[in-house]
Amino acid sequence: MKNTKIISIALNIKKYFLGYNSNDKVRRESSSGGVCKTLIIEGLRSGYIDGVYTLKKTDKYPYAEGEFYTKENIPDYCDLPNSIYHSVMACTNVNRIERCNRLMIVGTSCQLRALEKIAKSRCNELIKICIFCKQQKTLDSTRFLAKIIGEKINNDKKFYAQYRGTGWPGIVKINNSSLPWHRAAQLPFGRRLWTVPGCDVCGDSYGIESNADITLMDPWIIRERNELGENINNGTYRKKD
């Protein structure tokens, strides 16, 4: 795709790619290079896919919900959320999916397994993009982050949160305060605190059991922090018929 820069690395029988959006603004403001957003938007613009079910931003908690996009309502990059580290019911709007030829669904492994039950009957070809996920968090994790930077999340759940973006690995912003991602992740992720219970029994972070076509993840350790953003695409797990 014209807005993506890809570096291919062959490891065993799988294919690995380091990629990011070639627009520096999109790359910097996205979670990790903007690859997922690029696949969605440029896939629709090019006609490679006919429909996409993914998350869109909203103005009320949990500040994201499922949406079905086609060439008639292609989203802008700013319409799609970055990584969200509080629970979102991604499948609640699955009935918005209309019949199409080639459909892409985007989500974590557990979300893909649920989405596929409806999506596979509404298309001729289904493409599954998995967001690598080791653990999802409850809102208490965000409340903890807010507290250590002097902010508060009230019971009405009206707050602003940015969990990633502004370079890589990014900045966490809650209301009017911020802290570096590496500091924000130390306790919630490093000690597995405030984790959604189902994540404790999930063994499919990469989406292998959900037969994902591509898994998107950050290149932790092998890449150093930078002011833009980078993303490693881990795919392809299965060969298309």
Side-chain angles (χ1 to χ4, degrees), residues 25-26 28-32 34 36-37 40 53-69 73 75-96 106-112 114-115 131-202 205 216-218 220 225 227 229:
K25 185 175 186 294
V26 172
R28 175 177 170 79
E29 293 180 355
S30 300
S31 294
S32 43
C36 188
K37 295 180 181 181
I40 293 167
Y53 185 86
T54 186
L55 292 179
K56 72 172 183 179
K57 292 180 182 178
T58 65
D59 58 3
K60 62 180 180 179
Y61 183 81
Y63 303 107
E65 67 178 17
E67 184 60 274
F68 176 66
Y69 291 106
N73 66 331
D76 292 325
Y77 282 91
C78 60
D79 295 328
L80 304 177
N82 287 349
S83 297
I84 300 173
Y85 297 128
H86 62 252
S87 299
V88 176
M89 302 297 287
C91 303
T92 52
N93 294 329
V94 68
N95 284 328
R96 293 180 182 178
V106 182
T108 61
S109 177
C110 59
Q111 291 168 348
L112 289 179
L115 288 170
I131 306 299
F132 175 83
C133 177
K134 287 286 288 185
Q135 48 187 297
Q136 182 54 284
K137 298 301 176 185
T138 67
L139 187 59
D140 285 337
S141 175
T142 305
R143 288 193 172 103
F144 168 76
L145 296 179
K147 184 176 181 179
I148 65 176
I149 56 176
E151 295 288 346
K152 182 179 180 181
I153 296 178
N154 296 319
N155 291 333
D156 61 11
K157 298 180 181 178
K158 292 182 179 180
F159 65 95
Y160 169 80
Q162 172 191 302
Y163 296 101
R164 298 288 300 280
T166 316
W168 186 89
I171 301 294
V172 175
K173 297 179 181 178
I174 300 176
N175 295 334
N176 298 311
S177 302
S178 63
L179 73 164
W181 168 251
H182 71 270
R183 183 184 171 202
Q186 284 179 344
L187 282 177
F189 286 90
R191 298 296 181 91
R192 294 187 67 88
L193 302 178
W194 307 292
T195 298
V196 173
C199 297
D200 291 329
V201 296
C202 175
S205 298
L216 305 180
M217 62 183 294
D218 287 297
W220 299 110
R225 186 189 186 285
E227 294 303 318

Which value, rounded to the nearest 0.5 Å, describes the distance between [X] atom [atom1] and [Y] atom [atom2]?
X: W181; Y: L179; atom1: CH2; atom2: CG; value: 9.5 Å
X: Q136; Y: I131; atom1: CD; atom2: CD1; value: 12.0 Å
X: I153; Y: L139; atom1: CD1; atom2: CG; value: 5.0 Å
X: T142; Y: K137; atom1: OG1; atom2: NZ; value: 10.5 Å

Please check: side-chain N/O of [X] versus main-chain N/O of [Y], any donor-acceptor pairing under 3.5 Å?
X: K37; Y: L80; result: yes
X: D156; Y: K158; result: yes
X: Y61; Y: F159; result: no
X: H86; Y: P62; result: yes
X: Q162; Y: I171; result: yes
X: K57; Y: N82; result: no
X: D218; Y: F132; result: no
X: T58; Y: A64; result: yes
X: R164; Y: P169; result: yes
X: S178; Y: V172; result: no

Can you list everything that forms a salt bridge (Lys or Arg N to Asp or Glu O under 4.0 Å) with [X]? Sequence neighbours excluded, please.
X: D140; result: R143
X: E67; result: K56, R96
X: R192; result: D200

Inset, instruction - Compute whether any side-chain donor of one residue and acceptor of the other, for Q135 and T195, lie under 3.5 angstrom apart. - result: yes
Legend entry - Between N175 and K152: side-chain donor-acceptor atoms closer than 3.5 Å: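 Side chains of N175 and K152: no pair found under 3.5 Å.
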Inset, instruction - List for me each residue that meets side chain to side chain donor-acceptor pair (under 3.5 Å) alongside S177, sequence neighbours excluded, and say none if there are none. - result: E151
Inset, instruction - Output all residues satisfying side chain to side chain donor-acceptor pair (under 3.5 Å) with K173, sequence neighbours left out; order by chain, then residue number. - result: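 With neighbours one apart ignored, the set is empty.
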Inset, instruction - Provide the full list of salt bridge (charged side-chain N to carboxylate O under 4.0 Å, His left out) pairs with a residue in residues 83-93, sequence neighbours left out, each pair given once. - result: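 Residue pairs with at least one partner in residues 83-93: there are none.
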Legend entry - Test side chain to side chain contact (heavy atoms under 4.5 Å, CB included) applied to D76 and D79, step by step: CA-CA 5 Å; D76 292 325; D79 295 328; 3.5 Å; yes
Inset, instruction - Taking the side chain as every heavy atom from C-beta outward, state whether N93 and Y53 have any pair of such atoms under 4.5 Å apart. - result: yes
Legend entry - Contact check, side chains of T54 and Y69, non-hydrogen atoms, under 4.5 Å: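 The answer is yes; the side chains approach within 4.5 Å.
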Inset, instruction - Anything under 30° is parallel, anything over 60° is perpendicular, the rest tilted; go ahead and classify F189 against Y85. - result: perpendicular
